[in-house]
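This is a predicted model, so every value here is computed, not measured.
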Amino acid sequence: MSNSEENFKHMQISELQQVLTDETHVVVDIRDPASFQSGHIPNAIHLSNDSLPEFLRTADLDAPVVVCCYHGISSQQAAQFLISQDFTEVYSLDGGFTDWQLQHPDVIEH
């Protein structure tokens, strides 16, 4: 393990569109349940205080994870938390679901 603290990376909406097509990354959505239910990025996993322990137990720590929130602010803290839980490749989605919805209104799962 290196002495420097590992940090999450940032991902742009256009980059996420590509990794969704390739199905290489896990997308987790940390918005409230009602917002998640009303629409989310396809195949996203809803992460809440209730589902987090199970996710931490069962997730592949080496699989790339993209954290999505409303605007890309809260996801940064959540991404850093996942890094602290030994996930190796974590991204915060810049602009969050709000920007995703603006750029890809036809690519939303309900």
Can you tell me how far [atom2] of [Y] sits from [atom1] of [X], rounded to the nearest 0.5 angstrom?
X: T88; Y: D62; atom1: OG1; atom2: CG; answer: 4.0 Å
X: S92; Y: I73; atom1: OG; atom2: CD1; answer: 8.0 Å
X: M11; Y: Q18; atom1: CE; atom2: CD; answer: 10.5 Å
X: H40; Y: I45; atom1: NE2; atom2: CD1; answer: 10.5 Å

Inset, instruction - Run the numbers on H110 and Q37 for side-chain contact (heavy atoms from CB on, under 4.5 Å), then give the verdict. - result: CA-CA 6 Å; H110 298 275; Q37 286 301 323; over 6 Å; no

In this structure, are over 12 heavy atoms from other groups packed under 6.0 Å from [X] atom [atom1]?
X: E109; atom1: CD; answer: yes
X: N49; atom1: CG; answer: no
X: Q77; atom1: CD; answer: no

Counting only N and O atoms by type, is there a donor-acceptor contact under 3.5 Å from the side chain of [X] to the main-chain atoms of [Y]?
X: D29; Y: R31; answer: yes
X: S51; Y: H46; answer: yes
X: Q101; Y: T98; answer: no

Is any side-chain heavy atom of [X] less than 4.5 Å from a side-chain heavy atom of [Y]?
X: V19; Y: P64; value: no
X: H25; Y: L20; value: no
X: L56; Y: L82; value: yes
X: E89; Y: K9; value: yes
X: N7; Y: Q80; value: yes
X: C68; Y: V28; value: no
X: V27; Y: N43; value: no
X: I41; Y: L16; value: yes

Determine whether [X] and [Y] fall in the same hydrophobic cluster, where Ile, Leu, Val, Met, Phe, Trp and Tyr are linked whenever their side-chain heavy atoms lie under 4.5 Å apart.
X: F36; Y: L47; answer: no
X: F81; Y: V66; answer: no
X: L61; Y: F8; answer: yes

Inset, instruction - Determine whether the aromatic ring centres of F97 and H71 lie less than 6.0 Å apart. - result: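 Ring centres of H71 and F97 not closer than 6.0 Å.
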
Inset, instruction - Report the C-alpha distance between F87 and F55 in whole Å, list the side-chain angles of each, state the deciding distance to 0.1 Å, and finish with yes or no for ring-ring contact (aromatic ring centres under 6.0 Å, His included). - result: CA-CA 12 Å; F87 283 80; F55 178 76; 5.7 Å; yes

Legend entry - Least distance between heavy atoms, V67 atom then S75 atom: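 Closest approach of V67 to S75: O-CB, 3.4 Å.
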
Inset, instruction - Scan side-chain atoms only and decide if S35 and Y70 contain a donor-acceptor pair under the 3.5 Å cut-off. - result: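 Yes, side-chain donor-acceptor contact under 3.5 Å.
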
Legend entry - No-hydrogen, no-angle side-chain donor-acceptor test under 3.5 Å, D99 and Q103: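 No, because no side-chain N or O of D99 sits under 3.5 Å from a partner of the opposite role on Q103.
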
Legend entry - Residue among L102, D94, L93 satisfying side chain to side chain contact (heavy atoms under 4.5 Å, CB included) with I13: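 Going through L102, D94, L93 one by one, the side chain to side chain contact (heavy atoms under 4.5 Å, CB included) with I13 is satisfied by L93 alone.
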
Inset, instruction - Could you check whether the rings of W100 and H104 sit parallel, tilted or perpendicular, using 30° and 60° as the cut-offs? - result: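 If you compare the ring of W100 with that of H104, the planes turn out tilted.
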
